Structures are given as C-alpha cells and as structure tokens.
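Here is the structure we will look at.
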There are 2 protein chains.
Amino acid sequence: MATISDVAALAGVSTATVSRALNGKATVDPDLAARVRTAADELGYQPNGPARNLRRQEAAVVALIISDVENPFFTAIARGVEDVAHEVGYSVVLCNSDESASKENRYIDIAIQERVAGVILSPTGTTSSVDKLAARGTAFVAVDRPLPQQDSDVVLVDTRLAARQATEHLIAQGYQRIGCITGPSGVRTADDRLAGYRDALKAAKRRGSTKLVRRTEYKAAGAHKAARDVLSQEDPPDALLVANSAMAVGVLQALQEKGIRPGKDVGMVAFDDAPWAALVDPPLSVVAQPAYEIGTVAARLLLARITDGTRPPTTTTLGARLIERGSSHRG
Amino acid sequence: MATISDVAALAGVSTATVSRALNGKATVDPDLAARVRTAADELGYQPNGPARNLRRQEAAVVALIISDVENPFFTAIARGVEDVAHEVGYSVVLCNSDESASKENRYIDIAIQERVAGVILSPTGTTSSVDKLAARGTAFVAVDRPLPQQDSDVVLVDTRLAARQATEHLIAQGYQRIGCITGPSGVRTADDRLAGYRDALKAAKRRGSTKLVRRTEYKAAGAHKAARDVLSQEDPPDALLVANSAMAVGVLQALQEKGIRPGKDVGMVAFDDAPWAALVDPPLSVVAQPAYEIGTVAARLLLARITDGTRPPTTTTLGARLIERGSSHRG
DNA sequence: GTGAAAGCGCTAACAT
DNA sequence: ATGTTAGCGCTTTCAC
C-alpha cells in the first residue's frame, strides 16, 4: 500500500511537503501542491490512519454507544449525532451495548484505546466504566439517562413529567385502574416513567397499587409476559402506561391474544412515536420523544467539550409531546 | 496517559516483557507476568490502539456499512455480525451509508485508512468504491445485494423467488389487478422483487401493466406518495406487493387516508416481518427474511477470508418465508 | 516555502 | 526467559 514516502518520491518533494499539501496547509506553493495531489491520486494513496492518529494523539472519530440498535428511539439519536458530526469532519462509530454493563464497559475501553475524540452514550446504569473516560479526560456526554454522581454534559427528556401527563390524560378519559409497564429497576428512564405515573395518581388522589405495576426488560417479550400477567389477575387494570415502543408491541400482542380491545376495554399510552403507531387499530396514543434532536444536541455539546474541556457541564432537558389517538379514548 | 514504558518501569522489566505478558504470550515467567499485570492495573494502563495497529498493520475491527440504520432488516443483520465477531475478539463498527453512494464511499475510505481487518456492506449499487477494497486486498463481503462485476463473497436472499411466491399467493387469493411498489431502479433487491412479481404474472398468463408499478426510495414517505398515486388512477390495483416494511407503513397510511380496507378492498403483502406486522388490522402478510442469519453467515465468511484471502468467493443464498395473514385474504 | 529529522507507543526480530 | 533495538507512517518542530 502506498505510503507518504512513495507520494513524496513520485512528486519529487519531501514527505513533510506532502503532508502539508494534503492537509491543506496554506504555506505550500500551489504548483507543488498540485503536483503532490496528482502523485497521490496516481498511487491511490490513502493516509494511514493509525500512524496519523498515533502522531496526532487523537482521532477525528466519536463513538456512540447505545443500548439497543433495534430500538428506533436510539437509531434516531444516531442519525442526529451523525448529521452534526459529519458537518465538521468527524466520523461516528456506532456501538451496541445491548443494555449490558459489560459490553458497555468493553466499548468504552475500545474507545479509550483507539483514542477517539469523544464518546456519547446512553449509560446502562452502573457508573463505574464511565469514570475511566473522566479520569483520562476523554470528552463524553450522556444521553437519555444521567450518570449518577458524575457531573458531565447530559441530554435528557423530561420523561417523568411526560409520564405524568400521559397518566393524567388516561385519568381524564375516565379510566379507573391504571397500570404501568416499565423497564428494569435502576434504569433511570424506567424509574422516572414510573415516578411520573405515580405523581399523576397521587395528584388525582388515587391510591396506587403495586399490583398494577410490572417491570421487565425494555423488550417486546418481557412486556408481553408482563401484560398477560397483570391482566390475568383478579382486579385487572383498565388502562396501561407502557414505557417504550418495543414493549408496546408485546402488550398489544397480549391484548390481541386475550381478545381485549385497546381503547374500549383497556386504555393505552406508550412511549415513543413508532412509525406504525398510527396504523394499529385503534391508533396508539403515544408520548413522542425528540430523539433526533437529542442526538444533534448531544453531538454539539460533545464537539464543544472536545475543543474546550474546561467548560462547565450542562444538562439539557427536552420536552416530550403527548399525541392522543384512539387507544386512550373510550369508544 | 500511562504508556507501556510506565508499566515497564513500575514492574521493573523491559517494555518487551510487558508487551508479551499483556498479550498472553507463553514465553513469560508467571511471576513476572503477574507483576506486570499488577503494575498495569495500578496505572490504569490502556494500550494505545493506533500505536499497536500501526505496528501490527491491522486492527481487530470489522466495519459494517449498512444502507439504513433505521431499517430493522439491517439492524438485525448488525446483531448477527456482532454476535459472531465478538466471539472471536473482533469489534464491529457500524456505519450508516444512508443509501448514498458518496457516504458509502466515504466510509470505505475511512475503513481503508483505519486499516480495519474487513468490511461487510450492503452496496448502494455503484461498484466503483468497492474496487478500492479489492485493490488493497482488504477482505470484504457483500450482503443483501451482490456487487456487479466483482466476484466477492456475498450473502443474499432469494428475493426474486420470494416476490414471485408472494404474488402467486395474491393471485391464488383471487386478486385480479395486482400492483407492485418497489425500491429505486438500480438497487438490486428492488429490481429483483419487481422481476419476481412479473414472473408470477407471466406464469399466470396475466398481462402486467406499468401502470400498476411504482418505484420510489425505500422509505415510508416515498411509498405513501406512490400508493396514493397508483390507487387514484382509473383502474386501480386490487392488491399490492410492497418491497419493504418502511414502505408498508407509507402504503398503509395511504390506504387509511383513502378509507380503503386492506385485505377486503386491496390485498397486500410486504417484505420484512416487522414486529408490528401482526398488530395492524388486518394483520399484515409478509415475506420474512432471515436477517440475523445473513449477518452471522456474512461475519463467518469475512473472518474466513481475513485468515485466508485466497479462498474462492462464495455466494450464499438464503430463503425467505411467506407468512400469510389477514391482509392478503379476501374477507 | 521547503527539507531533515525526531518521535508518537507499540511489537517483533534479534541477541543474550 | 528477558532485554535491546529497529521501525511501522505520519506530523511537526527546527533549520535554512
């Protein structure tokens, strides 16, 4: 594979000049620069990234570690990050931690080893691995979930408030026994959504009951089981707040199997406005989160921190929007 | 940041010994190895990836360039690739080419520059950029779509046959004027699905009509417009074959807006068994592609090629499965 | 404006 | 079994 020396030899200049020419430094004679570019093209020269990064002590790459590639919420964030990063010449590598602390840890190690310029991640809960980034001075920002005792930049959604509003909406629609199916304990968004749900019940002077709450992984399968379970008990809920769109799939399956009609028999609001939400029957009421915007904001914060590591950490909280559709309106 | 020399100094050995110990070479005294590991831990030593890769002339990383991160088909492939790659100690970086030849090209350049061990990609159609990989001897395998005049490893689905079977199923159900909404011309899967659709019509001695065919990008918005258009004409189709699940969303929206009931008024089969397909009313008949398996097979082929660049290229064709649900049964 | 030369951190010959 | 040393390809002072 052609190296910078090959290009230098062909162009009849030094390697230093090649480097300067190819990196667009102003201090190089236009004629020479042209000759260098021609030589580089001729040889199909591609700079050796590891060598460059070794020398520069940093790569123009940001790592984005998300907890579930198959969740549209996170892929939308990814797009936001990409769009901003590409604008300023950074590449984005996507890593899928799969909601596993050990995978997250592994990817953080890789990010450090590869000396990426920065890391954006949706932390799995344990803070330990992120400390390494802080210790090394690698820029990072958390999305979707804050980092316990770590004052970093973070981009969140006011998910507790959103959950409260969604629950209040169900109450206003006349549902009496509202249940909640949320994610695993310790995952901040799952905890917050549950808290918001309870806020609404309390404000309406309703007594909550643990029998109406189920916690499970943020996946269809878990939610399916949870929904079957909660609906099979003696006093089943007549409405459900569901904490993400994958879970909504599982819950709707369960309703279908049990012959329960959403909206009429059991009201339902789910987090995340999946593309299909308006297509099911009845259309699914959702809490739409600004996922793409989370990505763009996080990327901008990261870039700012890369250039200036001393700026004070900020917390950005974006709002979510309740979209009322048929599944939360008593027919 | 601690370097290998720091570790060597602390452990009272040479850098070579540190390198050997940390890389698990057999030829190092167990006591020394332990001392080295302790020193490394103490310093929080993380090897410098660029330096290592520069020296080794290769990184234990494979790049996966997919054409749409928001398409569940491709994210399922990503999981397959990851699972296999991680087993053998490779990391996977995901790149989103967004169905754009220039982005694909850019990511290929980056992959080359970073000297990744191999590349898996769903090519956008133009072959040009992939030539660079071949020219440099970087291992790569194509998924979902073959590479024109490039004999590489490739993992495909027999999508033409699947399209034919889906169309035959619609014919068998008594639909008379079957239309097809497929992806852009030049994208192989889009062309193949159209060809399979025509195969079925021809075999049934039906005359196809270009007025029943629409081509658009593989996204909901394009398909939405296409469906409105095709259904508004004088002799509208009474059934539709739709080329992926994002498009199915757009088509179902259009049907909803026009008050057309899927199944009863217009039959429908779509590619890709999205999680929500069984939840819409009526449940959507689909062609289920073995996406995860495409990923695992591709990863295994890539690893084999990384170890032995001379093995003859293979083509693996996996089958798809028609899942009949309500949307293709006349009520 | 251009070239010579040092050195980023690591691994692999080679020497012992 | 361990240490010494060269060098991977690049960027960047430092001279000129």
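Keep in mind it's a predicted model, so treat the numbers as computed, not measured. Chain identifiers are assigned alphabetically (A, B, ...) following the order of the sequence lines, protein sequences preceding nucleic acid strands; residue numbering begins at 1 within each chain.
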Let me know the distance between [atom1] of [X] and [atom2] of [N], rounded to the nearest Å.
X	N	atom1	atom2	value
A:Asp29	C:dG3	CG	P	11 Å
B:Gln57	C:dC10	CD	P	16 Å
B:Leu22	C:dC10	CG	C1'	12 Å
B:Arg55	D:dC10	CZ	P	16 Å
A:Leu54	C:dA6	CG	P	17 Å
B:Lys25	C:dA12	NZ	C1'	9 Å
B:Arg56	D:dG9	CZ	P	16 Å
B:Ile4	C:dA12	CD1	C1'	12 Å

Look at [X] and [N] and indicate whether a side-chain polar atom (N or O) is within less than 4.0 Å of OP1 or OP2.
X	N	answer
A:Asn53	C:dC8	no
A:Asn23	D:dT11	yes
B:Thr17	D:dG3	yes

Please classify the nucleic acid contact of B:Thr27 as base, sugar-phosphate, or nothing, using heavy-atom distances under 4.0 Å.
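If one applies the 4.0 Å heavy-atom cut-off, B:Thr27 turns out to touch a base.
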Would you indicate what A:Pro47 reaches in the nucleic acid, counting non-hydrogen atoms under 4.0 angstrom: base, sugar-phosphate, or nothing?
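It contacts sugar-phosphate atoms only.
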Starting at the 5' end of DNA chain C, which residue's closest nucleotide do you reach first, A:Thr15 or A:Ala26?
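Its nucleotide being nearer the 5' end, the pick is A:Ala26.
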Residue whose closest nucleotide on DNA chain D lies nearer the 5' end, A:Ala2 versus B:Val13:
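By nearest-heavy-atom nucleotide position, the 5'-most residue is B:Val13.
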Taking only Lys NZ, Arg NE, NH1 and NH2, and the carboxylate oxygens of Asp or Glu, determine whether A:Asp29 and A:Arg20 approach each other closer than 4.0 Å.
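No salt bridge links A:Asp29 with A:Arg20.
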Of B:Leu302, B:Leu303, B:Thr316, the residue whose pairing with B:Val141 passes side chain to side chain contact (heavy atoms under 4.5 Å, CB included)
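Among B:Leu302, B:Leu303, B:Thr316, the one meeting side chain to side chain contact (heavy atoms under 4.5 Å, CB included) with B:Val141 is B:Leu302.
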Sole residue of A:Val69, A:Val93, A:Leu64, A:Ile66 in side chain to side chain contact (heavy atoms under 4.5 Å, CB included) with B:Leu94
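Answer to the side chain to side chain contact (heavy atoms under 4.5 Å, CB included) test with B:Leu94 among A:Val69, A:Val93, A:Leu64, A:Ile66: A:Val69.
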Can you find an N or O donor on one side and an acceptor on the other, under 3.5 Å apart, linking the side chain of A:Arg115 with the base of C:dG9?
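Answer is no: no donor-acceptor pair is held.
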Is A:Arg20 side chain donor-acceptor paired with the C:dG3 base, going by distance under 3.5 Å alone?
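A donor-acceptor contact between them is present.
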The side chain of A:Ser14 lies closest to which of these nucleotides: C:dT11, C:dA12, C:dG3?
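From the listed options, C:dG3 comes nearest.
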I'd like to check A:Met1 versus B:Arg136 (side-chain heavy atoms, cut-off strictly below 4.5 Å). Are they in contact?
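A:Met1 reaches B:Arg136 side chain to side chain.
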What are the two closest heavy atoms between B:Val92 and B:Ala85, and how far apart are they?
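It is CG2-CB, 3.6 Å.
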